[in-house]
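One structure below.
Whatever order the structure lists ligands and atoms in, that order sets their numbers, starting from 1.
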Amino acid sequence: MSCHRGALIVLEGVDKAGKTTQCKKLVAALQHSGRPAEVMRFPDRTTSIGLLINSYLQKDRELEDHAIHLLFSANRWELVPSMKKKIEQGVTVVVDRYAFSGAAFTSAKQGFCLDWCKTPDVGLPKPDLVMFLKVSPAEAALRGQFGEERYETSVFQKTVQQRFEQLMKDPSVNWKVIDASKQIQDVHEDIIGHSLSAITTAQSQPIGELWK
Ligand code: NYM
């Protein structure tokens, strides 16, 4: 077992920005270089809360907007013990979406402010690095399968992008903006560079608490 903790690295962005592909490539590259690494993703649709979220996203079920927001947050909290355990054991955890998606997507709905949306996630393990994969919502819409799940419309995604821009103004979070309109391999190389320095910095620091 490693004596250093692993890092918590998050990839965020609008739908179809390439997060899932890049998370997999990052974990594979870290493992290949001898650094223990694992992927987690939110929502994690495999738990009982995750199954409810899945049926909401697939439009099989209606849920009140505040209630679904709290379920997304609960889905993160239920996985905190296993996430912390991995990090403490020296594994770098690469997360496909986190509390930032939670706040950006719900606050893009009518009648929700960003502060209310952030509250249930206050105190989650704080990422050592959050990379925002930036593509224009118009470009994301041209990438496959856009429009099948709830929230997948260009108009909604444009508002989500604006909410992410607001969240990125917070200097307490280590944000890096990645130009995700580039070739997959070029994007990957940018991501690896930022990740390696975050992993080194995290080794000598305790895990922080988000938005506290
Ligand atoms: N989403 C994701 C939220 O609305 N709130 C959250 O807290 C999280 C983590 O669910 N449209 C939305 C964003 C996406 C969808 O998609 C999950 P995917 O393809 O599983 O990342």
Side-chain angles (χ1 to χ4, degrees), residues 8-27 39-80 82-83 93-127 130-135 137 139-167 173 178 180 210-211:
L8 177 57
I9 296 176
V10 172
L11 269 72
E12 284 283 9
V14 294
D15 290 350
K16 314 298 171 200
K19 293 179 296 301
T20 305
T21 304
Q22 293 295 341
C23 280
K24 285 187 193 147
K25 282 181 78 69
L26 174 58
V27 166
V39 181
M40 289 180 84
R41 66 175 305 149
F42 293 108
D44 180 329
R45 304 186 193 216
T46 65
T47 69
S48 15
I49 295 171
L51 288 170
L52 257 173
I53 294 172
N54 183 50
S55 62
Y56 172 80
L57 287 171
Q58 300 207 332
K59 302 178 187 164
D60 291 333
R61 168 195 300 264
E62 291 303 317
L63 282 162
E64 197 278 333
D65 288 331
H66 299 78
I68 182 65
H69 182 71
L70 297 173
L71 287 172
F72 273 113
S73 177
N75 184 232
R76 285 183 279 280
W77 281 108
E78 69 177 333
L79 287 153
V80 165
S82 71
M83 177 189 282
V93 176
V94 175
V95 188
D96 187 346
R97 295 187 189 282
Y98 200 48
F100 313 99
S101 275
F105 277 79
T106 304
S107 69
K109 295 179 176 177
Q110 291 274 313
F112 284 85
C113 72
L114 208 48
D115 277 344
W116 185 88
C117 294
K118 286 162 73 178
T119 305
D121 288 308
V122 169
L124 279 176
K126 182 176 170 173
V130 187
M131 286 175 281
F132 182 75
L133 271 57
K134 193 166 184 176
V135 286
E139 191 178 334
L142 294 175
R143 299 181 174 186
Q145 294 186 328
F146 196 72
E148 282 176 13
E149 281 204 331
R150 211 180 280 263
Y151 304 148
E152 294 190 349
T153 67
S154 295
V155 178
F156 192 77
Q157 298 286 324
K158 214 170 159 186
T159 316
V160 171
Q161 177 109 3
Q162 288 164 356
R163 296 294 178 266
F164 273 123
E165 308 273 347
Q166 274 174 269
L167 287 166
V173 174
I178 306 290
L210 180 63
W211 293 328

For [X], counting its heavy atoms only, list the atoms of ligand 1 lying under 4.0 Å from any of them.
{"X": "L57", "result": "10 (O), 15 (C), 17 (C)"}
{"X": "P43", "result": "2 (C), 9 (C), 17 (C)"}
{"X": "R41", "result": "18 (P), 19 (O), 20 (O), 21 (O)"}
{"X": "F42", "result": "9 (C)"}

Is the shortest heavy-atom distance from the side chain of Y56 to the side chain of L71 under 4.5 Å?
no
My understanding is that only one of I53, I49, L79 makes a side-chain contact (heavy atoms from CB on, under 4.5 Å) with D44; could you say which?
L79
Which heavy atom of the protein is the closest neighbour of atom 11 (N) of ligand 1, given with residue, atom name and distance?
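Scanning the protein heavy atoms, the shortest distance from atom 11 (N) of ligand 1 goes to D15 OD2, 3.0 Å.
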Just need the protein heavy atom nearest to atom 3 (C) of ligand 1, so name the residue and atom and give the distance.
F72 CZ, 3.3 Å
Mind checking whether [X] has a heavy atom under 4.0 Å from ligand 1?
{"X": "E152", "answer": "no"}
{"X": "K19", "answer": "no"}
{"X": "H69", "answer": "no"}

Under 4.0 Å, heavy-atom basis, I'd like to know which part of A99 is in contact with ligand 1: side chain, backbone, both or neither.
neither
Ion pair present between [X] and [Y], side-chain N to carboxylate O less than 4.0 angstrom?
{"X": "E62", "Y": "R150", "result": "yes"}
{"X": "E165", "Y": "K134", "result": "yes"}
{"X": "R97", "Y": "D15", "result": "yes"}

Over all atoms of both residues, closest heavy-atom pair of A103 and K118:
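A103 and K118 have their closest heavy atoms at CB-CG, 4.0 Å.
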N or O pair under 3.5 Å between R45 and ligand 1:
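Yes: some nitrogen or oxygen of R45 is under 3.5 Å from one in ligand 1.
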Nearest candidate to atom 7 (O) of ligand 1, where distance is taken over non-hydrogen atoms, out of R97, R150, R76
R76
CG of L51 to CZ of R45, rounded to nearest 0.5 Å, is 10.5 Å
Between K109 and Y151, do the side chains contain a donor N or O and an acceptor N or O under 3.5 Å apart?
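Side-chain D/A pair, Y151 to K109: present.
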